[in-house]
Number of protein chains: 2
Amino acid sequence: MKYCSISEASAQFNIPESTLRYYEKKGLLPLIERDGAGRRLFSEDQMALLNTVICLKNTNMPIRGIKQYIDWVVEGDSTIGLRLEMMKNHKQTVLAEISLMTESLEGIDFKISRYTKQRTQTRSGE
Amino acid sequence: MKYCSISEASAQFNIPESTLRYYEKKGLLPLIERDGAGRRLFSEDQMALLNTVICLKNTNMPIRGIKQYIDWVVEGDSTIGLRLEMMKNHKQTVLAEISLMTESLEGIDFKISRYTKQRTQTRSGE
DNA sequence: ATACGACTTAAACCATGGTTTAAGTCAACA
DNA sequence: TGTTGACTTAAACCATGGTTTAAGTCGTAT
């Protein structure tokens, strides 16, 4: 099993070391081992878990939601039902967010096309 | 021309009155008129502008970005080129955000399908 | 005329998600 | 052996985006 230092984990996920320490403190990266000098060792399992944390973060799940999920992962198989329900709910939340952004983007596209015309024709408006 | 009170604007866009006041204070809603008692009057133009502000907010443009845009709107036609450039850039930012979310959603879908199987079969894993 | 509801302000407060700082430890290399 | 670089901690600090509070004003219905 290969281990990563915090700087390697930071580089691989392009996340500041300070953020990784913050995530550990918040309970998003539990059970991280240490070497003899107290330095963090990220196992492959931890790197996979970090990847999951980042997926959830990328989809705007709040820290305490991610923590709940991680707590359930640590708790074991008995929480699979809860995790499944959480992921299904989260997926719906994310799809709604994407829809809202996509819809709002139409308003932006409308401005782009209006401004594109106006720039050459010299007209007025908001 | 019909005018809206702050409570009507709040209801129409489903935004708290406190947030509308905050936006005005931040310069996102300039030139809002007042009645004899000092109460805000939202004209149709202001409601249209508020709609634009909300579009930009829905797509996660920071307040100071929205303010810059609004400042340019107020400044007039000479800023159409700047506004066009801003909206084009913003569109790319939004598309990138949507891509990241969509991509991260795949990791979530993977968990959903794994957990769905595991729930009936009793297996182990993260 | 008075009480109510809707509005006003400035300022304080809050949550979220980090980032930065200060002081210190340790391993390895010159 | 001593200095350098990577790491450690706790705590302070910061930005963003509001929300809440306190105190007061106005118009209208009773």
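Each chain gets a letter, A, B and so on, in the order the sequences are listed, and its residues count up from 1. Predicted, not measured: the structure shown is a model, and the values here were computed from it.
- With sequence neighbours excluded, no residue satisfies side-chain hydrogen bond (donor to acceptor under 3.5 Å, both in side chains) with B:Arg64.
- Each salt bridge (charged side-chain N to carboxylate O under 4.0 Å, His left out) pair with one or both residues in residues 88-104 of chain B, not counting sequence neighbours, appears once here: A:Asp109-B:Lys91.
- In this structure, the side chain of B:Ser43 engages the main chain of B:Gln46 through a donor-acceptor pair within 3.5 Å.
- Taking a heavy-atom distance under 4.0 Å as the criterion, the stretch of DNA chain D touched by chain B extends 5' to 3' from D:dT16 to D:dG27.
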Ignoring hydrogens and angles, write down the donor-acceptor pairs under 3.5 Å from the side chains of residues 9-20 of chain A, residues two or more places apart or on other chains.
unit_1	atom_1	unit_2	atom_2	d
A:Ser10	OG	A:Ile15	O	2.7
A:Glu17	OE1	A:Arg21	NH2	3.2

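- Residues satisfying the side-chain hydrogen bond (donor to acceptor under 3.5 Å, both in side chains) criterion with A:Ser7, sequence neighbours excluded, are A:Ser5.
- Among residues two or more places apart in sequence or in another chain, the side-chain contact (heavy atoms from CB on, under 4.5 Å) test is passed with A:Ile98 by A:Val94, A:Thr102, B:Ile98, B:Met101, B:Thr102, B:Leu105.
- With sequence neighbours left out, A:Asp71 forms a side-chain contact (heavy atoms from CB on, under 4.5 Å) with A:Lys67, A:Gln68.
- Distance check, rounded to the nearest 0.5 Å: CD1 of B:Ile108 to NE2 of A:His90 gives 4.0 Å.
- Contacts of A:Glu33 classified as side-chain hydrogen bond (donor to acceptor under 3.5 Å, both in side chains), with partners at least two apart in sequence or in another chain: A:Tyr3.
- In this structure, the CZ atom of A:Arg39 is 14 Å from the C1' atom of C:dG24, given to the nearest Å.
- Listed by residue number, B:Lys57, B:Pro62, B:Ile63, B:Arg64 are the residues of residues 57-66 of chain B with a heavy-atom contact under 4.0 Å to DNA chain D.
- Residues of residues 12-37 of chain B that place a heavy atom closer than 4.0 Å to DNA chain D, in numerical order, are B:Pro16, B:Ser18, B:Thr19, B:Tyr22, B:Tyr23, B:Ala37.
- Partners of A:Pro30 under the side-chain contact (heavy atoms from CB on, under 4.5 Å) rule, at least two apart in sequence or in another chain, are A:Leu49, A:Ile70, A:Val74.
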